[in-house]
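Throughout, a chain's letter reflects where its sequence line sits, starting with A, and its residues are numbered from 1.
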Protein chains: 4
Amino acid sequence: MLKFALFGAGRIGAMHAANIAANPHAQLAWVFDVNKDAAEKVASRHGAQVAPGIEAALADASVGAVLIASSTDTHVPLITAAAKAGKAILCEKPIDLDIQKVEQCRKDIAGTNVPVQIGFNRRYDATHRAVQQAVARGEIGTLEVLIITSRDPELAPMPILKSSGGIFRDMTIHDFDLARFILGEEPVEVSATGSVKVDPIVATLNDYDTVMVTMKAKSGALVHINNSRRCVYGYDQRVEAFGSKGMVQSDNPMPNMLRRSGAGMTQALSGLHYFFIERYMQAYLDELNEFIDRTNRGLPPTVDFEDGRKALIIADAAFESIRSGEAVSVNYG
Amino acid sequence: MLKFALFGAGRIGAMHAANIAANPHAQLAWVFDVNKDAAEKVASRHGAQVAPGIEAALADASVGAVLIASSTDTHVPLITAAAKAGKAILCEKPIDLDIQKVEQCRKDIAGTNVPVQIGFNRRYDATHRAVQQAVARGEIGTLEVLIITSRDPELAPMPILKSSGGIFRDMTIHDFDLARFILGEEPVEVSATGSVKVDPIVATLNDYDTVMVTMKAKSGALVHINNSRRCVYGYDQRVEAFGSKGMVQSDNPMPNMLRRSGAGMTQALSGLHYFFIERYMQAYLDELNEFIDRTNRGLPPTVDFEDGRKALIIADAAFESIRSGEAVSVNYG
Amino acid sequence: MLKFALFGAGRIGAMHAANIAANPHAQLAWVFDVNKDAAEKVASRHGAQVAPGIEAALADASVGAVLIASSTDTHVPLITAAAKAGKAILCEKPIDLDIQKVEQCRKDIAGTNVPVQIGFNRRYDATHRAVQQAVARGEIGTLEVLIITSRDPELAPMPILKSSGGIFRDMTIHDFDLARFILGEEPVEVSATGSVKVDPIVATLNDYDTVMVTMKAKSGALVHINNSRRCVYGYDQRVEAFGSKGMVQSDNPMPNMLRRSGAGMTQALSGLHYFFIERYMQAYLDELNEFIDRTNRGLPPTVDFEDGRKALIIADAAFESIRSGEAVSVNYG
Amino acid sequence: MLKFALFGAGRIGAMHAANIAANPHAQLAWVFDVNKDAAEKVASRHGAQVAPGIEAALADASVGAVLIASSTDTHVPLITAAAKAGKAILCEKPIDLDIQKVEQCRKDIAGTNVPVQIGFNRRYDATHRAVQQAVARGEIGTLEVLIITSRDPELAPMPILKSSGGIFRDMTIHDFDLARFILGEEPVEVSATGSVKVDPIVATLNDYDTVMVTMKAKSGALVHINNSRRCVYGYDQRVEAFGSKGMVQSDNPMPNMLRRSGAGMTQALSGLHYFFIERYMQAYLDELNEFIDRTNRGLPPTVDFEDGRKALIIADAAFESIRSGEAVSVNYG
């Protein structure tokens, strides 16, 4: 039985709390949030205690794991504190928006030897994972071309955009991780370009809402990523892996499989799932269950701190490229 | 909070138990099964008591509902007893294989005014339901043609086949109900034909493993159902509704959306879900949640005893037709 | 070089004339039509002569083949005359609407030993043919279930309907032939049901516009056919063959492969081809080219008089069944 | 009636000859090829004369049009000669591999005022064209993202590769043109990257067999192109146009619409068409027919010399980018 302290009781935190409660080998013990009402609501629903601060929860020796779902700027201090308290950690992505803070955190937790898993939920999506597995077992021969399409349904509200660190650190970072996951090797070169097409307000933030990124891996495999911050037919998340012996594609799972035919139209499917909570509901569950299972068995996480750090390094390189107009070599340090 | 007594703790019963436990407005109080170990396993997992017999559970005034997931021959006595004890009932299909027993049960529970819901799970499948809703709101104009394809992955074991009541009462009965659900009116004529193609053993039971049924509704709408007891690519469940203004189809939901392309082949999807538990997992959950919600709100079930009875009447007519070679008028009494 | 006399210069005849002209091993020599203008138009376009009557064309010793695309009631006399003149014959379906006339024709041409091919164009459709080939080479194991969906875009005009011989002899006859083609054996039992849903005028002709037919073959394989005389999304022609090792389906080829996604809708394809001329354009060409090739090489046709006769016998059995409400044994004589 | 001289009687030339012969408003008068046998074969099949040289054909005042399907290095001299002779010209792409020669040709034919159409066949593909039309009429709102996937079935033989001008001038040039066609505006910036994954021999030519190109248009619309010189499942040609109101995609048309389902696999389609001749057969026909129709009506071509020139300018910019690692501004002069 793995007892959890949950830090952050917003929408994602509440979802994780329910997933913890549904796992017979885990239990939600503590909930902390700066918004006390939110913490109380989640705690009472699952029979947990509200923590007055993180210290109380970390001091509880029966707590084996911390789930961090609070705002991004709190991730590094919470990871550091939890690691020093010897707790296994599952932290929502990104580790931080500033690579310097991430490097410092890395040093600070070195030697604690606690498992630190980063919440790259897409690795747990059944179809994305099936792509990775097909590639890994050589089903398409040598992987040569990887194409990731990722479009959000609509622009996030201004405050979120402002503190997002920019599209590459906030949105594309998932695709950078997914690319690393499927490639099975590191991208060594990145070039990026972008536009403001969705809303002119994005330009005032020196950000982009429509971007394309090209990466090259050491093997010569090429990766394309395209992102848009608005997509009227839903949350569009597709992957195509092409190689010497064939291709596998991760098509969008549908809310239902109804096909409509009428005058001038046949086989129309419905719109896609609205956004990540709907689309990746099962992936979030599988991610957490794996974390619980591996932690209970003393195994390290499959998506770890280094994965979070490397995805951010690629995001930084993408920003460097989009500003310089040049391909940028990625240096993982 | 609706407290449940569960009668039957086999595979389906265990699944229902977990679904009850997951609903915040319900609670599993009692479990009874002739197999005491099974009952204990389910009860202990969800904090319920094992009932020494059904009487103890029915005598518990705090129990508001009974879920019947025991063998078919026990359904009628359990429905009758539970109804007389004033409990709301959710009973797996079919009510019974013998229409005389069903009619007797109907008389016996008349006046008890308890909600009796029959477990026609397919009505709760998101896509089948979307077909029904599209038809009901006139999206395809007048419904004229309804085609239901329903294929099991493999033949049930001999003991189950022997006590199944024959393919129409055991397997097609789901399709009869689905047809009634989508038609929004009663079939008035049935003709059926069948073969033994999967396994010659089926012929020794005077049964069929491959059948086709044609029905006509009062409006003249035509229905085709085809069943097979073996399907190598999985549990194939499709519906097509065609009308004056178009068509809607319920395509199979997939375990994942991976598409494979290789030499001589493109866009191959995986095999289908193996069987009904995998395919209708969410439908079972939605079915139970609706029952809990409506019972808690004092509303009658949307799929009731009459639905179970009428589906059996159609199944009997199909057997009459397959033996006589004639179209049979359906008499609902 | 195979020289043709064309009897019938309407829409279908004109299409065949162009197909003859496009084949380097054939030549259009004569055109006859009771409508002289039509004959002249077709003849002049392809450098052929207008025949004052069929006799002149049949008397031309250089003519090796006759293509009959005139009205149905002229098929039998034209086949008979052409066969007696020793010409190879390609005749549009059906041979006749009256099985007595077909039997008489059969006797009259017995011993002439001329190739007589009946224009069941669907056998030449690339995808339907791929279904037949997959079944024939055992790709789906034993064929157990065959489902044919065939829907016309709209009701034919009254004069055509009146002289059509009824839906089974006019429309379903194509599906009967396709079923025989794919089954590789004869249907031995037929039952049929139908409604008037498209237009009440059809009832005044004692005909049906919406029908379902079930057939059983000697092996026990079951066949379902459904027809509608109106389909708002185009000419819907699908085949599904299911067997012990899998399934093959003939999906509709599309005018183009554009997929549309917008608010609430994804992956919509366009409407289907409007009708048989558009849908089976290539099939008509392949049918003719095979006839030319086999005739030039002295080989008999692959779709012959017996195929035309047997399809009509099944259609008659379907009418007997729809009126009696009983399954009817098919007697091929 | 438009009389043609055909220069080049290889595979593509022979196909064009047959297409000319099939058009009732055109006629093949002369055929010239350095390979006299090839010229004779094509000429005799369609009743044309073999020209001893191009001069004889150009001197024939009855000739209104020249179709150039000879080797790339002859395009510029043939265009120039034909233009000076006042003939309408349909020339296979590319105009030349050397932009200097193209600029010189442009000057040389300035003032001749003959129609010069370049053979960008993909613009005539029904589905690609449907994408362009949907975009042009605003169906997807503002076009923001355009993704073109284009994969050849296998590497061309060494001699062809050697004289191809490199992948961007030989293969991607089609995609550059298609992008311009759909964008409805000019790309202003190009960046490119590439690898040698198919065959190391390609590296010895300082060329690439696997490339990705990113372009930005003046409006900010982003374009991604990916090419591979080998694709085991056939000739893969897809386009995706995404905008503020939705998406349209050009999916691959199939040789047939057979769908296979078996153990572990459902709905598999066949491999794609083998290569461009099979895939774009109808497009080649429609291209030629439009040229004939517009020339006969005195209208200029819809795909002209400037289109050929601009596509080459983009290809040159892509080579500059792939070598410098920098985004390159496109200067159309």
When you compare the side chain of B/Asn252 with that of D/Gln267, does any pair of heavy atoms fall below 4.5 Å?
no
Pair B/Met265, D/Arg260 - check side-chain contact (heavy atoms from CB on, under 4.5 Å), show working.
CA-CA 9 Å; B/Met265 177 196 82; D/Arg260 289 186 160 87; over 6 Å; no
What is the minimum heavy-atom distance between B/Gly262 and D/Tyr233, and which atoms define it?
O-CB, 3.1 Å
Would a distance-only check, ignoring hydrogens and angles, find a side-chain to backbone donor-acceptor pair under 3.5 Å from D/Thr266 to B/Ser270?
yes
